[in-house]
Protein chains: 2
Amino acid sequence: MASNRDKSISEQINDIKKHLVAKGYKLTQQREVTLRVLLEHEKDHFSAEEVFLLVKEQFPEIGLATVYRTLELLSDLQVVEKINFGDGAARFDLRSTDGSHHHHHLICTECGTVEEIMEDGLLRLEQQIERQYGFAVTDHRLDFQGVCKECRAKQALNEQAAG
Amino acid sequence: MASNRDKSISEQINDIKKHLVAKGYKLTQQREVTLRVLLEHEKDHFSAEEVFLLVKEQFPEIGLATVYRTLELLSDLQVVEKINFGDGAARFDLRSTDGSHHHHHLICTECGTVEEIMEDGLLRLEQQIERQYGFAVTDHRLDFQGVCKECRAKQALNEQAAG
DNA sequence: CTGGCTGCAAATAATTTGCATACAA
DNA sequence: TTGTATGCAAATTATTTGCAGCCAG
């Protein structure tokens with residue numbers, strides 16, 4: 001029952017290294033630092049550029065293209081998920097080690113915050129889809145747009161002031 | 001109870017024209033043709049480029065930038081939804097007139113087809129999120145990845161041949 | 001009329017690619 | 001050693017923007 005929450009970052013990097021090696025890839029300095037950055041910020045949804053800037057702090061020689069290539073690779077390996085929230089750039093989200101990775105997103109339309117929630121009430125729906133459409137679901141993505149708690153509080157204050 | 005399914009395309013364009021005019025916008029030839037193309041292909045998920053090519057058939061003078069601007073405008077007006085499936089380009093999806101627009105997507109990882117399904121078992125979940133996180137849900141997006149019926153059939157055949 | 005709208009071309013922004021060199025296994 | 005990976009710069013792709021003229025209301 002070990003989830004990634006139970007493992008140190010080094011252990012997780014080691015696990016991922018095995019995946020890499022198994023497919024004939026190498027764990028370079030650049031890839032390791034990139035992984036470390038992702039693991040240290042598992043709740044964020046960084047763009048390639050943002051990852052690049054953070055990696056650069058620990059490894060200044062790295063090039064942006066390498067970060068793109070690494071993220072692409074990690075995406076293929078199912079280590080990260082590439083998501084597009086509609087602002088210009090793709091964002092990258094760590095998947096959980098066990099492959100279930102079912103966190104959903106609460107995207108605030110006021111402040112742009114993206115919060116992750118762990119939740120899974122979708123199994124029933126997936127089964128229904130499989131039955132009804134003959135579509136074999138392997139994965140899903142569920143995002144909610146709306147107004148987060150903080151922005152609602154602000155809105156309430158403003159209305160009070162205005163009213 | 002009139003849904004957009006009950007209305008002719010001209011009627012729908014007229015409805016949308018009212019929205020436009022109400023906000024001080026004009027219904028130009030270009031916008032009308034673009035709308036017509038979208039309405040005639042309501043089950044597709046075209047990129048701006050694809051819309052452009054289709055509009056060009058009926059209105060050759062149009063420029064790509066105009067299509068982008070029109071789609072942006074229609075997006076603001078909630079007439080279309082701008083979605084990003086992760087291939088390089090944004091795609092545009094008609095919303096239903098009543099604003100509910102809750103269709104979800106079945107994205108086949110084999111052939112790339114995107115099928116729409118009308119379904120809404122998410123109300124309960126939205127309510128739970130509101131209670132649990134204080135997040136006021138206004139909209140959601142639910143996509144399923146997997147293998148569609150057709151590709152599964154093909155896979156089955158191939159396995160048979162191989163086995 | 002006239003302010004919004006358009007087409008065009010140039011500007012951005014994100015991402016990819018070619019290539020000579022560097023380095024992990 | 002040797003093929004994979006990297007950094008850089010140039011190329012590509014999607015989208016946006018400036019601007020002079022155009023047209024719907």
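The figures that follow rest on heavy atoms only: side chains count, while hydrogens, waters and symmetry mates do not. Proteins get letters first, then strands, A, B, ... in listed order; numbering begins at 1 in each.
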Would you call [X] and [Y] a salt bridge, using N to O less than 4.0 angstrom?
X	Y	result
B/E32	B/R36	yes
B/E50	B/R91	yes
A/R152	A/E110	no
B/D93	B/R95	no

[atom1]/[X]: more than 12 non-hydrogen atoms of other groups inside 6.0 Å:
X	atom1	value
B/Q160	CD	no
A/K56	NZ	yes
B/Q58	CD	yes

**Asked** How would you list all residue pairs meeting ring pair (Phe, Tyr, Trp, His ring centres under 6.0 Å) that involve residues 17-42 of chain A, not counting sequence neighbours?
**Response**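 Found A/H41-A/F46.
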In whole angstrom, give the distance that lies between atom [atom1] of [X] and atom [atom2] of [N].
X	N	atom1	atom2	result
B/E61	C/dC8	CD	P	9 Å
B/L71	D/dT16	CG	P	10 Å
B/L20	C/dG4	CG	C1'	12 Å
B/E72	D/dT15	CD	C1'	10 Å
A/D76	C/dT16	CG	P	11 Å
B/L73	C/dG4	CG	P	13 Å
B/N84	D/dT15	CG	C1'	12 Å
A/D87	C/dA14	CG	C1'	11 Å

**Request:** Establish, with yes or no, whether the OP1 or OP2 oxygen of D/dT15 is under 4.0 angstrom from a side-chain nitrogen or oxygen of B/Y68.
**Result:**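 B/Y68 to D/dT15 OP1/OP2: side-chain N or O found under 4.0 Å.
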**Item:** Any B/R31 side-chain nitrogen or oxygen under 4.0 Å from OP1 or OP2 of C/dT6
**Value:**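 For C/dT6, OP1/OP2 do have a side-chain N/O of B/R31 under 4.0 Å.
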**Request:** Could you work out the complete set of other residues in the hydrophobic cluster of B/I107, with links drawn between I, L, V, M, F, W and Y side chains under 4.5 Å apart?
**Result:**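 Via sub-4.5 Å side-chain contacts, B/I107 links to B/I83, B/F85, B/V114.
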**Asked** Transitive ILVMFWY cluster of A/V21 at side-chain heavy atoms under 4.5 Å: who else is in it?
**Response**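 Joined to A/V21, directly or through intermediates: none.
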**Request:** Specify the residues of residues 46-60 of chain A, ordered by number, for which at least one heavy atom lies under 4.0 angstrom from an atom of DNA chain C.
**Result:**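 Hits under 4.0 Å, by residue number: none.
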**Message:** Can you build the contact string for nucleotides 18-25 of chain C? Use B for base contact, S for sugar-phosphate-only contact, and - for no protein heavy atom under 4.0 Å.
**Reply:** B-----BS
**Request:** Enter the inter-axis angle for the ends of the helix from C/dC1-D/dG25 to C/dA25-D/dT1 (five pairs per end, rounded to 10°).
**Result:**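 The end axes of the helix from C/dC1-D/dG25 to C/dA25-D/dT1 are about 50° apart, to the nearest 10°.
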**Asked** Taking atom types as modelled and ignoring hydrogens, do the side chains of A/H140 and A/E126 form a donor-acceptor contact shorter than 3.5 angstrom?
**Response**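 Side-chain D/A pair, A/H140 to A/E126: present.
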**Asked** So which one's nearest nucleotide on DNA chain C is more toward 5', A/K82 or B/T70?
**Response**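 Here B/T70 is the residue nearer the 5' end.
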